[in-house]
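Structure in structure tokens, see below.
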Amino acid sequence: MSQKPAIPKGTRDFLPSDVFKRNYIFDKIKSVFKLYGFAPIETPSFELSGTLLGKYGEEGDRLIFRILNSGEKMKKADVQALQEENLPRFANSLAEKALRYDLTVPFARFVVQHQNELSFPFKRYQIQPVWRADRPQHGRYQEFYQCDADVVGSDSLLYEIELVQIFDAVLTKLNLPGFTIKINNRKILSGIAEMSGESDRIVDITVAIDKLDKIGEEGVINELRNKSISEIAIEKIKPLFQLQGTNAERIQLMKILLKESEIGMKGIEELEFVLNAIHNLGLERGELEFDVTLARGLNYYTGAIFEVKAHDVKMGSICGGGRYDDLTGLFGLKGLSGVGISFGADRIYDVLNELNLFPADVTGGLSVLFVNFGEKEVTKCLELAAELRKSGIDCEIYPSTAKLQKQMKYANDRGVKYTILLGENELASQTVILKDMISGIQTQVSFTDLIGNIK
RNA sequence: GAGGUUGUAGCUCAGUUGGUUAGAGCGCCGGAUUGUGGUUCCGGAGGUCGCGGGUUCGAGACCCGUCUUCCUCCCCA
């Protein structure tokens, strides 16, 4: 057993049927991105460590895969830092490069670097794998694909509307029966922190209330206390837990709660604009829900925050996104607002698999297999195969004159739609036997009628 | 990063308090069927019991370490 090969934890191999299914998801996502005017870009799998570190908070840094320096660069190791037990600095001296952790930060770097070649607002999509040194769990991998669409260079709320429509369009196209698009606004969260008198504790407060549906009201209050948020503040936060009813009703309540907070009211105004627009436009299958407890950990969001959950399946969020006013600021380009969303292709894959929502023909089996009867017959098969391919019909010839039984079984395993039997008798009569592998029906057709009988 | 859990044939899993030669189903290969697959029947191959060490006359089973699996926390797609 020790000789058996293995792959690292949290990674997966993909068989042809898996890749067909994944491409099906990618194709739907791409087609919608394109409909909304997004253009594709790609960035390297790994970036300079400095580009990534410090962008995802302390937690995030821990989850970034580092690439060990090679050759002479090994000598750059900061041994002194090791002796001082400053492990982060030691690690940085050992690894100048790191695998990308998401697509957003590399995109920000990309925008700053190519700012003079881009016209703004710049709309890009990007479908590439990312890597996280996380503990693998259900729906959680160390290597997985993200499918991002972002707009940078405009603070127009029209894009928030577009992105909600994209969530809806893609997931509807993928035939997902039900899903909730949760929306919130970071400014509302700031408003909450402000009116509770704990403005500088916004992260602790939001991280705590984000867990409401998981640990309940008591749990959240305990966590707030543990983080030494004042009792007065907690009393002021409590009404949030009761927030219910339609989006419009929730908005009205929040307007009362946050009336003292300028930034909070600004957030409500933005949110209301998006909710109203979507309400008027309507969604296909998605439900848009204002969820004040939606926080999301990434600290670069400044406006709208999105998260999508599929119904009837135990799985974390399948999409996320939000507005970040100053992401490129980290790389020295100020004043460019961006907003974007991300589809978690691997989680969507798992959900579609679990709910059995992949179309039957997605695995794209071979259309036609020529059974091999011998040298003379194969010569004719080669000619016919060339004609089929010219007409766009994919086909193969079985490579050897194995027993017919074996050849038929192979055709069956490959999911072949038609087999063509061309033996001695058929060659003499200029015909083939065309067998429909699903119905089992065989028909004798002439060489010239063959193409017309396939499909 | 913390705690727990799992690992036996290609796959899913049995395997009693430690005791001969480690089993089943499915899959695979061959045959029944020399020009017919997906059904049936018969036969066969395939395992250093995750890996390393220890206890023992004897370990798949017990102990330690390690890797892996899944789960909770953390965080997230």
Side-chain angles (χ1 to χ4, degrees), chain A residues 1-12 15 25 29 56-64 87-88 101-104 127-148 203 207-208 210-211 214-215 219 223 294-299 306-310 314-322 340-351 365 369 371-374 377 398 401-427 432-442 444:
Chain A
M1 277 308 216
S2 63
Q3 272 105 354
K4 272 193 186 172
I7 55 174
K9 65 177 174 185
T11 64
R12 296 150 297 160
L15 294 170
I25 295 173
I29 292 173
Y56 309 99
E58 212 176 303
E59 269 308 307
D61 278 2
R62 211 186 66 206
L63 300 178
I64 292 173
L87 293 180
Y101 176 88
D102 72 355
L103 300 178
T104 308
I127 297 180
Q128 291 190 277
V130 303
W131 294 270
R132 296 186 185 177
D134 205 355
R135 281 274 166 100
Q137 262 179 55
H138 177 61
R140 183 175 260 212
Y141 307 101
Q142 293 205 339
E143 177 183 63
F144 61 98
Y145 271 86
Q146 286 193 333
C147 313
D148 280 24
V203 172
V207 166
D210 186 45
K211 294 178 191 163
K214 212 170 185 177
I215 59 179
E223 177 146 344
L294 174 63
R296 297 183 56 77
L298 295 180
N299 26 23
F306 305 109
E307 188 167 289
V308 181
K309 296 207 75 161
K314 197 170 168 250
M315 175 66 75
S317 56
I318 54 174
C319 311
I341 55 173
S342 178
F343 287 83
D346 300 82
R347 284 193 176 172
I348 292 171
Y349 179 100
D350 288 348
V351 168
L369 181 78
V371 174
N372 187 327
F373 281 91
E377 290 86 350
Y398 195 85
T401 55
K403 285 179 62 173
L404 189 48
Q405 189 177 202
K406 187 170 170 142
Q407 298 194 43
M408 294 305 283
K409 184 165 160 42
Y410 176 76
N412 200 53
D413 293 345
R414 281 286 300 273
V416 168
K417 295 188 192 75
Y418 293 98
T419 45
I420 289 176
L421 290 86
L422 199 172
E424 206 177 342
N425 301 341
E426 288 76 21
L427 197 55
V432 300
I433 304 244
L434 181 65
K435 176 162 185 169
D436 182 324
M437 292 298 282
I438 295 156
S439 65
I441 294 167
Q442 303 189 167
Q444 187 158 25

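Each chain gets a letter, A, B and so on, in the order the sequences are listed, and its residues count up from 1. In this text, all values refer to a predicted model and were calculated from it rather than measured experimentally.
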Residue matched to B/U56 through Watson-Crick or wobble contacts both under 3.5 angstrom:
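Across all strands, not a single nucleotide pairs with B/U56.
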
Considering only heavy side-chain atoms of A/F373, the closest of B/G37, B/A77, B/G35 is B/G35

Between the base of B/C76 and the side chain of A/R347, is one N or O donor paired with an acceptor at under 3.5 angstrom?
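Indeed, a donor on one side and an acceptor on the other fall under 3.5 Å apart.
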
Let's see if you can work this out: which of B/C75, B/G37, B/A77 has an atom nearest to the side-chain heavy atoms of A/V207?
B/C75

Which nucleotide in the list B/C75, B/G1, B/C76 gets nearest to the side chain of A/R62?
B/G1

Give one of base, sugar-phosphate or nothing for A/Y141, where a contact means two heavy atoms less than 4.0 Å apart.
base

Is the number of heavy atoms from other residues, nucleotides or ligands within 6.0 Å of CD (A/Q442) greater than 12?
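Enclosed: over 12 neighbouring heavy atoms sit under 6.0 Å from CD of A/Q442.
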
Quick one: does A/K403 reach the base of B/G35 with a side-chain donor-acceptor pair under 3.5 Å?
no

Between CD of A/Q142 and P of B/G1 the distance, given in whole Å, is 11 Å

Is there a donor on the side chain of A/N412 or the base of B/G37 sitting less than 3.5 Å from an acceptor on the other?
yes

Please work out if A/K309 contacts a base, only the sugar-phosphate, or nothing of the nucleic acid, heavy-atom cut-off 4.0 Å.
nothing

Examine A/R12 relative to A/Y141 and say whether NZ or CZ is less than 6.0 Å from the centre of the six-membered ring and inside a 45° cone about the ring axis.
yes

Would A/D61 and A/Y101 count as a side-chain hydrogen bond (donor to acceptor under 3.5 Å, both in side chains) if you check the C-alpha gap in whole Å, the side-chain angles of each, and the deciding distance to 0.1 Å?
CA-CA 9 Å; A/D61 278 2; A/Y101 176 88; over 6 Å; no

A/I7 atom CD1: more than 12 heavy-atom contacts under 6.0 Å:
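More than 12 heavy atoms, drawn from other residues, nucleotides or ligands, come within 6.0 Å of this atom.
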
Among B/A77, B/C28, B/C73, which is the nearest nucleotide to the side chain of A/K409?
B/C28

So, under a plain 3.5 Å distance rule, would you say the side chain of A/K9 forms a donor-acceptor pair with the base of B/U68?
no

Look at the side-chain N and O atoms of A/K211 and state whether any lies under 4.0 Å from the OP1 or OP2 oxygen of B/C75.
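Yes, because at least one side-chain N or O of A/K211 sits under 4.0 Å from OP1 or OP2 of B/C75.
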
d(CZ, A/R135; P, B/U5) in whole Å:
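The answer, rounded to whole Å, is 14 Å.
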
Side chain of A/M408, heavy atoms from C-beta onward: which of B/C76, B/G37, B/C75 has the nearest atom to it?
B/G37

Is the base of B/G35 touched by the side chain of A/Q407 through a donor-acceptor pair closer than 3.5 angstrom?
no

What distance, rounded to whole Å, do you find between the two P atoms, one in B/G15 and one in B/G23?
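Comparing P positions in B/G15 and B/G23 gives a spacing of 15 Å.
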
Return yes if a side-chain donor-acceptor contact under 3.5 Å exists between A/Y56 and A/D102, otherwise no.
yes

Tell me: CG of A/D413 to C1' of B/C29, nearest whole Å?
13 Å

For the base of B/A77, is there a side-chain donor-acceptor partner from A/R140 under 3.5 Å away?
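No such pair is found, so the answer is no.
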
Can you check the A/H138 NE2 to B/C73 P distance for me, whole Å?
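About 14 Å, once rounded to whole Å.
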
